[in-house]
Every structure is written in structure tokens, then in C-alpha cells.
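For reference, the structure is listed below as C-alpha cells.
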Amino acid sequence: MSNTKNTQESQSSQKSQDSQNSDKTNDNQKADSRPRPMEVLRQARGQLAELTGMEAESVSSFEQTEEGWALEVEVLELERVPDTMSLMASYQVELDAEGQLTGYRRVRRYERGRSDARRPGGR
């Protein structure tokens with residue numbers, strides 16, 4: 001009888017360990033399923049271009065938020081000659097945790113050849 005009891009306790013303990021290991025594996029899989037920062041940048045640029053019809057030239061800010069990701073993307077809105085007179089725009093882009101665009105808005109428009117003296121850091 002004692003042998004059966006020890007076997008049952010051992011099996012119960014093993015099931016508990018398996019369950020804990022499974023939980024850790026699921027957590028690691030969730031962490032691994034999140035896109036990497038470079039993937040998020042590529043997705044954001046592509047999705048913004050698809051929606052606006054304008055190609056992103058650069059990403060001037062990028063951060064992970066509680067909801068997902070926040071970026072500021074520089075876009076060529078109107079090409080002019082000389083190039084320094086072309087109109088650029090900064091778009092604030094928000095993505096969910098999987099990297100899908102959830103919203104965007106233009107926050108600034110400027111000529112390529114002009115710096116913005118009003119904001120520190122060129123923003």
C-alpha cells in the first residue's frame with residue numbers, strides 16, 4: 001500500500017512540474033511571437049505607405065509602449081526642385097503589440113532644407 005501511495009505522489013509531483021514547464025514554454029513562445037523591433041519598423045513603413053501612398057524616408061523616433069509601439073516617421077509629401085525645397089512631413093504612427101498599424105496622424109509639415117528652431121532635438 002505504501003508503495004502505491006509513493007507512486008501516486010511521485011506521479012502527482014511530476015504532473016505539477018510538467019504543468020509549470022508547460023507554462024514557462026507558453027510564456028517563452030508568447031515572447032518569441034512578438035515581432036522584433038526591425039520587423040516592426042518594416043511593417044510600420046509598409047503599412048503607412050500603403051495607406052497614404054507616400055514612402056517613408058526615415059524613422060525619427062521609435063519606442064515600445066504598453067499597447068504596442070509608437071513611431072514618428074518622416075515622409076516626402078511633395079517633391080520640388082531644388083530638393084531642399086521639397087515638403088516633408090512627420091507622422092505619428094501607432095501599432096499594436098503584433099506590429100499592426102492602429103492609427104496615424106501628421107504632426108508636422110516642413111521644407112526639407114529648414115530646421116525647426118522651435119523644438120529641441122529637431123522634433
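Distance OG/S61 to CD/Q92: 8.0 Å, rounded to 0.5 Å. Separation of atoms CE (M88) and CE (M54) is listed at 10.5 Å; rounding is to 0.5 Å.
In Q100, the CD atom is crowded: over 12 heavy atoms of neighbouring residues, nucleotides or ligands sit closer than 6.0 Å.
Shown here are the side-chain contact (heavy atoms from CB on, under 4.5 Å) partners of A70, two or more places apart in sequence or in another chain: E63, T65. Residues passing the side-chain contact (heavy atoms from CB on, under 4.5 Å) test with E79, sequence neighbours excluded: L76, S86. Remark: E66 engages no residue in a side-chain contact (heavy atoms from CB on, under 4.5 Å) (not counting sequence neighbours). Partners of R112 under the side-chain hydrogen bond (donor to acceptor under 3.5 Å, both in side chains) rule, at least two apart in sequence or in another chain, are E57, D83. In this structure E94 satisfies the side-chain hydrogen bond (donor to acceptor under 3.5 Å, both in side chains) test with no other residue, sequence neighbours excluded. Residues passing the salt bridge (charged side-chain N to carboxylate O under 4.0 Å, His left out) test with R106, sequence neighbours excluded: E77. Listed by chain and residue number, R114 satisfy the side-chain hydrogen bond (donor to acceptor under 3.5 Å, both in side chains) test with E111 (two or more places apart in sequence, or in another chain).
Closest heavy-atom contact between P35 and A97: CD-O, 3.3 Å.
Other members of the cluster containing L87 are L78, with ILVMFWY side chains joined at under 4.5 Å, either directly or via other members.
No single ILVMFWY cluster, assembled from side-chain heavy atoms under 4.5 Å apart, contains both V81 and M85.
In this model, no donor atom of one side chain and acceptor atom of the other lie less than 3.5 Å apart for E74 and S58.
The ring pair (Phe, Tyr, Trp, His ring centres under 6.0 Å) pairs that include a residue from residues 52-74 are F62-W69, where partners are two or more places apart or lie in different chains. The list of side chain to side chain donor-acceptor pair (under 3.5 Å) pairs with a residue in residues 37-48, not counting sequence neighbours, is empty.
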TODO: Could you walk me through whether Y91 and L48 pass side-chain contact (heavy atoms from CB on, under 4.5 Å), step by step?
DONE: CA-CA 9 Å; Y91 281 83; L48 185 64; 4.2 Å; yes
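No option in L95, V93, D96 other than D96 meets the side-chain contact (heavy atoms from CB on, under 4.5 Å) test with T102.
Considering only heavy atoms from C-beta on, E72 comes within 4.5 Å of V107 through its side chain.
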